[in-house]
Amino acid sequence: MKKLKWLLLLSLIVTQVVVSQPTVQAEESISDDPALSTEIADTGIPAEQQPVITPTTTVSTEPTVLTHKLTMNKNSKVIVHNGVITTAAQPLTFINGISYIPLKAIAVEFGYKVDYIASTKQSTATKDGVELRFSPNNNVVLKNGERVTLNGPAINLKGTFMVPVKSWAAMAGSSLSLVNNVMTLKWTTVQAPQAPKAPTAAFEVSPSEIYAEQTLVQYIDKSVVPSGTGILNEIWNGREEVFAQAGTYTVTRQIQDGNGVWSDPYSVTVVVKAPNQPPVANFTFDKAIYRIGENVQYTDRSTDDENAIVTVKWSGNESVFFEAGDFPVTLEVTDRHGLTSQVTKYVTVSDEVLYTREEYGKLFTPVGGIYSIDGAKVLNYKLLTTNPVAEPAQMVRSNSPETWTEEGIAYQDQLIGDIRFMFHNMNHIGAPVKMYLLATNYGTVTANVGLSANGIGGPNPQVSATGKMSTARYLDSLASKPATSWMTVKPGETKEVLPIISARAIKQNEVFSGFADLTTDQSLDFQVVVVRDGVDPIAALPSLGLMTRDVHVRGTFNGTNREIELNEVLGHEPQRIVIGDGKIDFFQDGYDGLTGKLEVNKGNFGVLYKIHLNHVAPNTLISLNPRGGYYMGAFLVNGKLVTLPEKGSIVKDANSAGVLYRTGSTEEAVEIVFTIAPGGNLPINLLFTPLPELRS
């Protein structure tokens, strides 16, 4: 009896949807009375049409009756269907009292599929076995081949096919009303009951590599439960947190959702490897016993079951020993799983001497490397007479105050011609600053300013490292012989002429060093300006004061390039050249452009030395020995850049030396070009010593 009542109710609902005719208000009676209007939000959507979302967690087993409400405003393209907004190609349009809407826009909302037949120029809308076939400028539509008269012809409007809304409502089984420019269509549909969707069991196994007895296996849930009821039960087969033995395993999972529906089984194949073994650290020596000063060779013989050693750590593996005895050497290796192994063996060194420490250093220290030397003996080396020739080049050294404590003008001078600028300063103003080189043209002719070789170091807290890098980069640029880049400074104009020094802000306690070769064909007033980061230096220039100098040097100097040529044969005996002592290598004279007072370039910083050694004996070592403290710098030796040190520690004192060059088995000509690195200590000595004989 209940089943019969249910069938009768379903038949009644379907009949009402398909057969009943809509109630349509006359389109010609559009009211202008505001009191009859439905309240419309700023978007043009009536308030009662805002969507209401009601979450569901169960699947109904009864047919569902859905109520639809669609609204459109006159002359608007907006369509609101159950709170969802879409846009039509053309607005709701009234022509001769008949309302029109694009066929595609309205048909899609009712669930119809729209097509176009090019051969007949007809548009069709189909749904559930019903086909409506429209022709342009025709008030007859074919419904499954039968003629139905429309209340107005279908038309093309601006390329869009339009149909009368009133006729569409009647054919689609909807009610139609029009109140104050708002047209509303209402209809119902019946949705058949749907069987609950079964859940899908899925999971991932992690990690990708699994080792027996060692790997803790994780099972990551990837299941999907469409009903939203969650997982009520699950069944696993073959699941292990740690697999006891190597092999191939199948792990299967099946889940049940809250509705009691079970998923199909889902399986993953798990490959389990044999337990990972730790690596075995091992190494060998090439000899059983070594002499003092003899190279020791270590050969790593470590092994791993997967050939996957990722870290090798040595300790005590000196390349040479200068004392007799047994010395421990340890090797530790680590595989990619973090397992380690360590072994210690002993190097045996006899009391027989192959090379002393100094002999070994002279022979085998790489270029740019540091070796130990008896600093006291260096003073007994033969002192070479150099007779340097000064070349007529200008140099500005902006190095005082070396530590900035306030913004201002660090240096200023009026110059023309070739000028090398040297900068070396630390920021202690309390905020990030930038340094600028400005040029003002007080003349009547446009000045051409060119930049050639240049190099900067920093900003960096390490004083010596910054000086070393600026020197190395300047010499490297000099060796490349760069093309000059030009700019102009017009009469009456102030312009930044060296942007490389202001590219980065200099933070508190950071050091900046730089060298730059400029040339100008007109007299310019150059200003080295320091202002806080973000301040326009040109705008601030008139209000800036002059910085007070400290014990360091600032000034303009002539004869900046020094050329030294030696024609005697060097290297048959220990010899040396002294640089930067102020006596043998005299300091430059100049003036302070801010005060006009005479100035001495102590240390000859910024001077470019060009030393031509025309005859250097075979098997001669050329090295640098600092005499005033530690030193870091750079040299061009036969056009090749050598930095000291190339890596590792500084050339720390008079008992250490840095290797610059070794001659081969024949006499050679050697050229050394360098400038004293900012932050280095002076004087320095260039040493020429015979290499010890090679022994076996």
Side-chain angles (χ1 to χ4, degrees), residues 394-415 419-442 449 451 454 456-461 463 466-467 470 489 492-516 518 520 523-557 590-603 605-606 678-679:
Q394 300 175 96
M395 189 269 292
V396 168
R397 178 177 173 182
S398 181
N399 187 205
S400 184
E402 187 170 86
T403 300
W404 299 319
T405 58
E406 60 183 349
E407 300 173 84
I409 299 173
Y411 194 70
Q412 184 173 2
D413 200 359
Q414 193 163 7
L415 302 166
I419 316 141
R420 178 177 305 119
F421 284 87
M422 176 209 158
F423 312 92
H424 184 67
N425 303 91
M426 173 184 283
N427 175 23
H428 202 64
I429 292 175
V433 299
K434 284 188 175 181
M435 177 169 58
Y436 300 85
L437 180 61
L438 307 181
T440 303
N441 188 350
Y442 290 115
V449 180
L451 170 65
N454 61 87
I456 62 173
N460 191 296
V463 177
T466 304
S470 65
V489 183
E493 182 183 19
T494 298
K495 192 171 187 177
E496 182 184 4
V497 293
L498 192 58
I500 59 170
I501 67 172
S502 62
R504 286 179 55 193
I506 306 168
K507 299 177 183 178
Q508 177 77 356
N509 295 326
E510 284 189 334
V511 177
F512 180 88
S513 291
F515 294 90
L518 271 72
T520 172
S523 179
L524 295 174
D525 191 43
F526 290 94
Q527 306 99 16
V528 180
V529 173
V530 180
V531 292
R532 291 175 185 253
D533 187 18
V535 174
D536 184 342
I538 297 176
L541 185 59
S543 63
L544 294 176
L546 304 179
M547 290 187 182
T548 303
R549 60 165 296 159
D550 58 17
V551 297
H552 296 86
V553 176
R554 71 181 183 193
T556 302
F557 304 92
Y591 62 89
D592 185 337
L594 294 180
T595 65
K597 294 182 179 180
L598 295 179
E599 184 64 84
V600 175
N601 185 11
K602 297 177 181 178
F605 289 92

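Because the structure is a prediction, the values reported are computed rather than measured.
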Atom pair [atom1]/[atom2] of [X] and [Y] - distance to nearest 0.5 Å:
{"X": "Asp413", "Y": "Asp525", "atom1": "CG", "atom2": "CG", "result": "8.0 Å"}
{"X": "Asp550", "Y": "Trp404", "atom1": "CG", "atom2": "CH2", "result": "12.5 Å"}
{"X": "Leu451", "Y": "Leu498", "atom1": "CG", "atom2": "CG", "result": "6.0 Å"}
{"X": "Gln394", "Y": "Arg420", "atom1": "CD", "atom2": "CZ", "result": "11.0 Å"}
{"X": "Gln412", "Y": "Asp592", "atom1": "CD", "atom2": "CG", "result": "11.0 Å"}
{"X": "Glu406", "Y": "His428", "atom1": "CD", "atom2": "NE2", "result": "13.0 Å"}

State, to 0.1 Å, how close [X] and [Y] come at their nearest heavy-atom pair, and which atoms those are.
{"X": "Phe512", "Y": "Ile456", "value": "CZ-CG2, 3.8 Å"}
{"X": "Ala439", "Y": "Gln527", "value": "N-OE1, 4.2 Å"}
{"X": "Asn427", "Y": "Ile429", "value": "OD1-N, 2.9 Å"}
{"X": "Leu438", "Y": "Leu541", "value": "CD1-CD2, 4.2 Å"}
{"X": "Arg549", "Y": "Ser400", "value": "CB-OG, 3.3 Å"}
{"X": "Gly408", "Y": "Met547", "value": "N-CE, 3.7 Å"}

Side chains of residues 499-507: which donor-acceptor partners sit under 3.5 Å, not counting sequence neighbours?
residue: Ser502; atom: OG; partner: Glu496; partner atom: OE2; Å: 2.4
residue: Ser502; atom: OG; partner: Pro499; partner atom: O; Å: 3.2

### Message
Pair Val396, Phe526 - check side-chain contact (heavy atoms from CB on, under 4.5 Å), show working.
### Response
CA-CA 10 Å; Val396 168; Phe526 290 94; over 6 Å; no
Would the distance check show the side chain of [X] and the main-chain N or O of [Y] forming a donor-acceptor pair, the cut-off being under 3.5 Å?
{"X": "Tyr411", "Y": "Gly593", "answer": "yes"}
{"X": "Asn425", "Y": "Pro401", "answer": "yes"}
{"X": "Asn399", "Y": "Met422", "answer": "no"}
{"X": "Thr466", "Y": "Gly457", "answer": "no"}

Quick one: does [X]'s side chain get under 4.5 Å of [Y]'s, heavy atoms only?
{"X": "Val529", "Y": "Val531", "value": "yes"}
{"X": "Phe515", "Y": "Pro678", "value": "yes"}
{"X": "Val449", "Y": "Leu518", "value": "yes"}
{"X": "Phe605", "Y": "His424", "value": "no"}
{"X": "Arg554", "Y": "Ser398", "value": "no"}

### Message
Assess the residue pair Asn601 and Glu599 against the criterion (side chain to side chain donor-acceptor pair (under 3.5 Å)); give the C-alpha distance rounded to whole Å, side-chain angles, the decisive distance to 0.1 Å, and a yes or no.
### Response
CA-CA 7 Å; Asn601 185 11; Glu599 184 64 84; over 6 Å; no
### Query
So does Lys602 have more than 12 non-hydrogen atoms from other groups sitting under 6.0 Å from NZ?
no
